[in-house]
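Letters A, B, ... mirror the listed sequences (proteins, then strands); counts begin at 1.
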Amino acid sequence: MSSDDNTKGGNFIKAIIEEHNRSGRFDNRVHTRFPPEPNGYLHIGHAKSICLNFGLANDYNGKCNLRFDDTNPIKEEEEYVESIKENVRWLGFDWQDRLYFASDYFDQMYDYAVQLIKHGKAYVDDLAAEQIKEYRGTLKEPGIESPHRNRSIEENLELFERMRKGEFADGAKVLRAKIDMQSGNLNMRDPVMYRILHADHHRTGDKWCIYPMYDWAHGLEDSIERITHSICTLEFEDHRPLYDWFLEQLDVFHPQQIEFARLNLNYTVMSKRKLSLLVRDGYVDGWDDPRMPTISGLRRRGYTPEAIRDFSERIGVAKSNSVVDIALLEHCLRDDLNKRAMRVMTVLEPLKVVIENYPEDQEEELEAVNNPEDDTMGKRMMPFSRVIYVEKNDFREEAPRKWFRLAPGKEVRLKHAYYITCKQAIKNEDGEIVELRCTYDPKTKGGWSEDGRKVKGTLHWVSAKHAHQAEVRLYDHLFNTENPDNVQEGQTFTDNINPDSLKILKNCFIEPYLTKAKPGEWYQFLRQGYFCVDSKHTTHKYKVFNRTTTLRDTWARIERSGKKT
RNA sequence: UGGGGCGUAGCCAAGUGGUAAGGCAGCGGGUUUUGGUCCCGCGAUGCGCAGGUUCAAAUCCUGCCGCCCCAGCCA
């Protein structure tokens with residue numbers, strides 16, 4: 001790969017990498033890692049990081065590791081490890097044989113800590129957590145040194161050894177780096193390296209009762225794996241001096257930490273805390289609810305890995321806090337689905353249409369194109385008969401200006417079928433329209449006429465006799481405000497939940513072909529949107545479809561703007 | 001005794017002294033058997049503000065202003 005390819009669509013991280021390649025700092029090697037903590041499910045924000053790390057490795061002919069940063073046994077579980085691996089794989093990335101765990105390095109980290117103690121750069125502190133906090137000082141005042149700061153190396157060595165052996169209770173002692181209690185950077189005020197935690201770890205069991213802190217562990221993990229570029233989010237910028245300090249003291253391989261802005265999206269929330277609250281309090285149907293910004297939610301909603309990767313690329317990478325418009329994500333989705341989704345016909349809110357001049361017992365098979373964007377997807381046959389269903393909102397008793405659809409006296413085209421003209425609308429005793437009586441023009445088979453007569457409206461339909469019933473779930477944004485966290489006093493983000501984020505339609509009709517639809521397939525319901533088979537609620541006999549996203553709807557826009565004026 | 005970052009269009013974002021890329025959103029128009037797709041066109045005399053250096057400044061200097069992060073034995 002030439003460097004021209006790399007600079008295209010450049011970002012500041014690529015600039016740094018290229019500078020390193022010029023200077024030879026890492027021998028032209030690029031090795032990144034995606035380092036999740038296995039304490040929750042991945043979301044679209046993680047996807048950005050995954051695409052970034054694996055993407056850079058790919059761009060520069062390097063490698064990217066999948067590494068679980070499992071240094072806190074209290075929060076971490078095996079269940080999350082599996083789901084994270086599955087998500088990364090689904091997104092289309094391959095860590096090959098480089099699956100690592102921070103816990104695999106616990107022995108080595110312990111040895112490094114001993115080394116630091118021997119150099120007089122770390123000490124065991126007996127101060128209680130509360131006291132450590134007091135001694136740390138504040139943002140504007142310096143901290144003060146712990147009375148145990150100047151213990152002898154021998155004593156520190158012995159105490160640390162006894163910590164490891166389990167001679168002390170949780171919280172009784174910690175190992176601290178001896179740096180600078182005066183530092184303006186609080187991270188440098190003798191940060192804790194090890195805490196005592198008599199807890200079972202999901203991988204190391206009860207082998208350890210002391211566990212390394214993030215700042216101590218992370219740089220070592222990177223160094224051990226010979227990571228060249230350790231990419232993390234902005235809030236770790238203040239930690240970089242500490243990251244560098246540890247590696248310098250140890251005189252080991254020293255990766256470059258680079259920080260970028262995490263992804264924020266409007267109309268949703270991204271924090272682990274809020275996401276789990278939505279699940280726990282039943283606002284959504286689990287972590288994979290199609291309205292959730294989790295990878296599993298997006299997947300169940302019908303998002304494609306390609307769309308998510310395209311999105312990651314288009315949003316760019318920078319250091320300024322920003323909120324990306326979710327419309328961009330949706331655009332990427334439509335862009336991908338437009339090319340790959342088979343077109344089918346379904347009627348979501350049915351209105352019966354009787355074609356009066358079509359023979360009672362006649363049926364025919366009409367040819368339908370599967371995807372006008374892709375001829376290789378071929379054609380299929382659709383049954384047609386005297387009674388069909390069309391969409392309720394494709395009929396208006398009084399046609400507004402520029403209305404191309406059905407109305408008394410209006411002629412429209414049934415896609416792939418015939419032109420029909422509306423003769424009469426039949427109402428029930430409540431005044432609701434329950435049936436349309438139409439006539440068809442037998443000379444317009446296939447949906448066109450030799451006389452060149454213009455018919456502007458084209459409708460989707462389904463033959464009543466041949467249709468199958470199905471459930472369709474229409475999803476909208478989970479929140480009805482751009483920034484759900486922007487609340488008045490006494491309110492919480494859940495007060496901004498969109499009450500109409502899920503609409504379930506149980507009386508929908510689908511064309512016969514769709515009875516074969518399987519989870520994992522993408523369809524465009526003609527004129528309505530992209531849909532997929534729901535993997536959770538669909539049974540052998542009962543199909544449930546999720547609306548992935550709508551099509552752009554110019555008519556809705558015209559009506560909306562018309563109402564405003 | 002405070003430290004670290006960030007400000008380019010409604011939203012992202014390139015740009016690294018030579019006269020403001022691109023995408024999304026929006027608005028017009030064309031094509032169309034999806035009011036879809038596709039195609040064409042439209043937005044910064046200006047880069048947080050004010051000075052300064054220079055033939056030339058979003059880019060360099062000075063001073064302000066605004067926003068974000070940091071006081072876990074979380075990551």
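Of the P atoms belonging to B:G18 and B:C61, the separation is 16 Å, rounded to the nearest Å. Separation of the P atoms belonging to B:A44 and B:G10 is 11 Å when rounded to the nearest angstrom. B:C47 and B:U59 have their C1' atoms separated by 10 Å, given to the nearest Å. Taking the C1' atom of each, B:A21 and B:C12 are spaced 14 Å apart, rounded to whole Å. Spacing of P atoms, B:G28 relative to B:C65, comes out at 44 Å, to the nearest Å. Comparing the P positions of B:C11 and B:A25 gives a spacing of 15 Å, expressed to the nearest Å. Comparing B:C64 with B:G23, their P atoms sit 40 Å apart, to the nearest whole Å. Distance check on atom C1': B:G22 versus B:C55 gives 31 Å, rounded to whole Å.
Considering only side-chain N and O atoms, A:R552 lies under 4.0 angstrom from the phosphate OP1 or OP2 of B:U37. The phosphate of B:G35 (OP1 or OP2) has no side-chain N or O of A:R405 nearer than 4.0 angstrom.
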Legend entry - Per-nucleotide protein contact string for nucleotides 70-75 of chain B, where B marks a base within reach and S marks sugar-phosphate only (heavy atoms under 4.0 Å, - for neither): BBSBBB
Legend entry - Contact pattern, 5' to 3', of nucleotides 9-24 of chain B - B, S or - by protein heavy atom under 4.0 Å: --SSSS--------SS
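When every heavy atom of A:N370 is checked against every heavy atom of A:M342, the shortest pair comes out as OD1-CE, 3.2 Å.
Here the side chain of A:R162 pairs no donor or acceptor atom with the backbone of A:E167 at under 3.5 angstrom.
Nucleic acid contact class of A:Q182 (heavy atoms, under 4.0 Å, all strands): base. Nucleic acid contact class of A:W216 (heavy atoms, under 4.0 Å, all strands): none. Nucleic acid contact for A:E373: base, since at least one base atom lies under 4.0 Å from a heavy atom of the residue.
A donor-acceptor contact closer than 3.5 angstrom links the side chains of A:Y110 and A:E161. For the 3.5 Å distance criterion, the side chains of A:Y123 and A:D190 qualify, holding a donor opposite an acceptor. Looking at A:N185 and A:S183, their side chains never bring a donor and an acceptor atom within 3.5 Å of each other. Checking A:H202 against A:E78 by side-chain atom types alone, a donor-acceptor pair falls below 3.5 Å. A donor atom on one side chain and an acceptor atom on the other are not found under 3.5 Å apart for A:E221 and A:Y100.
A donor-acceptor contact under 3.5 Å is not formed by the side chain of A:R557 with the base of B:G35. A donor and an acceptor atom sit less than 3.5 Å apart, one in the side chain of A:Q524 and one in the base of B:U34.
Between A:H416 atom NE2 and B:U34 atom C1' the separation is 9 Å, expressed in whole Å. For the pair A:I144 CD1 and B:G2 P, the computed distance is 18 Å after rounding to whole Å. Separating the CG atom of A:D180 from the P atom of B:G2 is a distance of 15 Å, rounded to the nearest angstrom. In this structure, A:N371 places its CG atom 13 Å from P of B:C38, rounding to the nearest Å. For the pair A:I258 CD1 and B:G5 P, the computed distance is 14 Å after rounding to whole Å. Regarding A:W522, its CH2 atom lies at a distance of 20 Å from the C1' atom of B:G36, rounded to whole Å. Atom CE of A:M188 is separated from atom C1' of B:C69 by 17 Å (rounded to the nearest Å). The CG-C1' distance, from A:N393 to B:G35, rounds to 12 Å in whole Å.
Using N1 to N3 plus N6-O4 or O6-N4 for Watson-Crick, or N1-O2 and O6-N3 for G-U wobble, each under 3.5 Å, B:G36 pairs with nothing. Pairing for B:C42 goes to B:G26, judged as Watson-Crick or G-U wobble with the two contacts each under 3.5 Å. If you check B:G7 for Watson-Crick or wobble pairing at under 3.5 angstrom, you find it paired to B:C65.
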Inset, instruction - Could you walk me through whether A:Y530 and A:W522 pass side-chain contact (heavy atoms from CB on, under 4.5 Å), step by step? - result: CA-CA 7 Å; A:Y530 296 98; A:W522 294 279; over 6 Å; no
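The one candidate from A:F68, A:W208, A:F106 that meets the ring pair (Phe, Tyr, Trp, His ring centres under 6.0 Å) condition with A:H201 is A:F106.
For the pair A:R453 and A:Y419, the cation-pi test (distance below 6.0 Å, angle within 45°) is failed.
We find that A:K415 and A:E511 are not joined by a salt bridge, their nearest charged nitrogen and carboxylate oxygen being 4.0 Å or further apart.
Side-chain contact between A:T346 and A:V462 is absent, with no heavy-atom pair separated by less than 4.5 Å.
Between A:T444 and A:L234, the residue anchored nearer the 5' end of RNA chain B, judged by the nucleotide with its closest heavy atom, is A:L234. For the pair A:E141 and A:Q528, nearest-nucleotide mapping onto RNA chain B gives the more 5' position to A:E141.
For B:G5, the base is anti relative to its sugar; the glycosidic angle deviates from 0 by more than 90°. Base orientation at B:G15 is anti, since its O4'-C1' glycosidic dihedral falls outside 90° of 0.
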